[in-house]
Undergrad: 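A single structure is presented below for examination.
Every chain is numbered from 1 and lettered A, B, ... according to where its sequence line falls, protein lines coming before strand lines. Keep in mind that the numbers below use all heavy atoms, side chains included, and drop hydrogens, waters and symmetry copies.
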Protein chains: 2
Amino acid sequence: MRKNQKAEIRKPEILENYYQVLSEEGFEGASIGKIAKRMNIHPSLIIHYFKSKENMTIELVDLLIKKYEAPEFLQFNHIQNMEQRFQLLIDTIFSFEWSRTIDPGIHFGFYYLSFRNPKIRERYEAMIQRFRNYLIRELDVYQKEGIVKVKDLKKAADIIITLMEGLEFHAHFLSERQPFEKFANYAKNVVLSMLRDETFSSNFAGLMNIRNFVK
Amino acid sequence: MRKNQKAEIRKPEILENYYQVLSEEGFEGASIGKIAKRMNIHPSLIIHYFKSKENMTIELVDLLIKKYEAPEFLQFNHIQNMEQRFQLLIDTIFSFEWSRTIDPGIHFGFYYLSFRNPKIRERYEAMIQRFRNYLIRELDVYQKEGIVKVKDLKKAADIIITLMEGLEFHAHFLSERQPFEKFANYAKNVVLSMLRDETFSSNFAGLMNIRNFVK
DNA sequence: AAATTAATTGAATATTCATTTAATTTTTTT
DNA sequence: AAAAAAATTAAATGAATATTCAATTAATTT
């Protein structure tokens with residue numbers, strides 16, 4: 001029995017072109033017709049492979065997540081010097097290259113779509129949770145080495161992610177054509193001082209708030 | 001000579017309904033037809049007032065920014081105790097209510113649109129820069145009072161905004177149904193420890209990076 | 001080489017969309 | 001009350017959309 005061989009070639013091909021049209025024309029302008037025209041194929045061929053546009057969009061999300069999680073990006077196990085390994089992790093996460101793994105416009109677009117489409121939300125949520133868990137595991141290693149002294153590793157990981165995502169925002173709206181690294185380095189310091197501060201806990205400000213917050 | 005009186009009533013009315021349809025149906029589903037049906041008016045009346053959908057969208061952006069910048073939100077001049085005023089500012093910025101000034105879905109949607117539409121981008125950029133300037137002015141006051149010790153006020157303000165926006169992301173993807181305040185308080189501490197740390201500068205980590213970063 | 005299955009195209013559909021132009025109703029001014 | 005202007009509706013347009021079903025072409029298996 002013959003298997004659908006071309007599907008495994010065609011589908012990624014179509015998704016690649018979908019991504020391109022998306023980055024050129026935006027989500028509003030990215031139609032099946034335009035993708036087809038770009039590939040010199042018939043629109044119905046795209047439907048044939050993906051059944052519907054929604055399916056195709058979700059498969060693109062899956063593909064992008066796969067790319068984002070490519071093992072080569074955050075593989076630092078081979079580095080012996082732990083202080084160096086720690087630095088490289090932080091440097092990578094706050095680097096320009098890392099922030100551009102996915103086109104920022106498309107990045108924001110899919111975040112928006114995750115508000116509308118539960119399947120997309122599910123996938124992003126799971127991806128970010130995996131990333132968080134990865135960070136916690138890494139921080140745990142550095143904590144045992146005495147490089148990192150913060151107590152609540154989960155919250156620390158969340159701060160890293162929060163700043164990382166906020167940086168995306170900053171780069172778009174506040175960077176004033178300054179190089180990405182300039183502010184990213186400052187953000188990095190905020191993270192480093194949090195991670196290396198053994199007295200860092202979430203209590204002191206919390207107490208203050210209860211006292212001072214006026215409704 | 002008779003002036004277009006109803007325009008000043010109708011236009012905000014239409015924008016209000018546009019916002020509602022937007023939050024119910026998303027950007028893809030928010031059509032002039034649906035807004036009109038919701039208002040029991042004819043679609044062409046909407047075009048009559050706004051000339052085009054794009055114009056209408058930009059006017060909605062302007063309206064939302066105006067709401068966001070409503071003077072009652074961040075008016076703390078009346079508070080005598082400076083430490084208290086400082087706390088209240090930080091508490092407000094990291095409060096759930098503040099994060100929900102605009103529906104988060106629509107928030108993300110417009111951020112996305114700002115990648116596609118230069119006019120929208122322009123407006124958001126200007127708004128965020130105004131907010132940054134406001135923060136710098138406030139921080140300057142607290143610095144002179146000795147409450148805040150950080151040196152680079154602009155960078156400090158940017159960190160606050162970056163974390164604030166990152167929190168929006170965190171609330172959507174990482175909150176795990178925990179109340180907003182729980183993690184926001186932790187983020188607040190990160191900000192407070194940065195602001196109150198007189199030794200905080202952007203140098204030490206920067207030097208480390210040059211040494212350790214491997215291409 | 002015939003039969004089978006997959007790949008691809010063609011044509012048609014029905015819907016939705018923003019926008020235009022003209023006609024009508026309502027309100028205001030004279 | 002007549003005239004003028006604005007508010008609103010009606011109808012039509014044309015373009016773009018995703019998707020369907022049937023027909024055709026190409027490749028593979030028997």
Undergrad: Could I get a table of every N or O pair under 3.5 Å where one atom is in the protein and the other is in nucleotides 9-12 of chain C?
TA:
{"residue": "C:dT9", "atom": "OP2", "partner": "A:His42", "partner atom": "N", "Å": "3.0"}
{"residue": "C:dG10", "atom": "N7", "partner": "A:His42", "partner atom": "NE2", "Å": "3.2"}
{"residue": "C:dG10", "atom": "O6", "partner": "A:Ser44", "partner atom": "OG", "Å": "3.1"}

Undergrad: To the nearest Å, give me how far apart NZ (B:Lys11) and P (D:dA7) are.
TA: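 In whole Å, D:dA7 P and B:Lys11 NZ are 11 Å from each other.
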Undergrad: Would you call A:Glu122 and A:Lys119 a salt bridge, taking side-chain N to carboxylate O under 4.0 Å as the test?
TA: no
Undergrad: C:dA18 C1' sits how many Å from B:Lys37 NZ, rounded?
TA: 16 Å
Undergrad: Could you tell me if the side chain of B:Tyr19 sits less than 4.5 Å from the side chain of B:Ile102, heavy atoms only?
TA: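 Yes. Closest side-chain heavy atoms under 4.5 Å.
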Undergrad: For C:dA7, what is the paired nucleotide under Watson-Crick or G-U wobble rules, both distances under 3.5 Å?
TA: D:dT24
Undergrad: Send over the distance from A:Lys53 NZ to D:dT17 P, rounded to a whole Å.
TA: 8 Å
Undergrad: Is A:Arg130 salt-bridged to A:Glu69, cutoff N-O under 4.0 Å?
TA: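 Judged by the 4.0 Å cut-off on N to carboxylate O distance, A:Arg130 and A:Glu69 do form a salt bridge.
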Undergrad: State yes or no: are the ring centers of B:Tyr112 and A:Tyr112 separated by less than 6.0 Å?
TA: no
Undergrad: CD1 of A:Ile9 versus P of C:dA6: gap in Å, rounded?
TA: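 About 15 Å, once rounded to whole Å.
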Undergrad: Taking only side-chain N and O atoms of B:Tyr49, does any of them lie within less than 4.0 angstrom of OP1 or OP2 on D:dT8?
TA: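 Yes, because at least one side-chain N or O of B:Tyr49 sits under 4.0 Å from OP1 or OP2 of D:dT8.
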Undergrad: Check the angle between the aromatic planes of B:Phe131 and B:Tyr134 and answer parallel, tilted or perpendicular using the 30° and 60° thresholds.
TA: parallel
Undergrad: To the nearest angstrom, how far is B:Ile35 atom CD1 from C:dC17 atom C1'?
TA: 12 Å
Undergrad: Which is true for B:Ile32 with a 4.0 Å heavy-atom rule: it touches a base, it touches only sugar-phosphate, or it touches nothing?
TA: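 Sugar-phosphate only.
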Undergrad: Could you go through the side-chain contact (heavy atoms from CB on, under 4.5 Å) check for B:Phe183 and B:Leu174 one step at a time?
TA: CA-CA 10 Å; B:Phe183 181 67; B:Leu174 275 175; over 6 Å; no
Undergrad: What's the CE-C1' distance between B:Met56 and C:dT19, to the nearest Å?
TA: 12 Å
Undergrad: In terms of side-chain heavy atoms of B:Ser52, which of C:dA18, C:dT19, D:dT8 is nearest?
TA: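 Nearest to the side chain of B:Ser52 among the choices is C:dT19.
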Undergrad: Taking side chain as C-beta onward, heavy atoms only, is A:Phe27 less than 4.5 Å from A:Leu22?
TA: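 A:Phe27 vs A:Leu22: side chains touch.
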Undergrad: Atom CD1 of B:Ile47 and atom P of D:dA11: how far apart are they, to the nearest Å?
TA: 19 Å
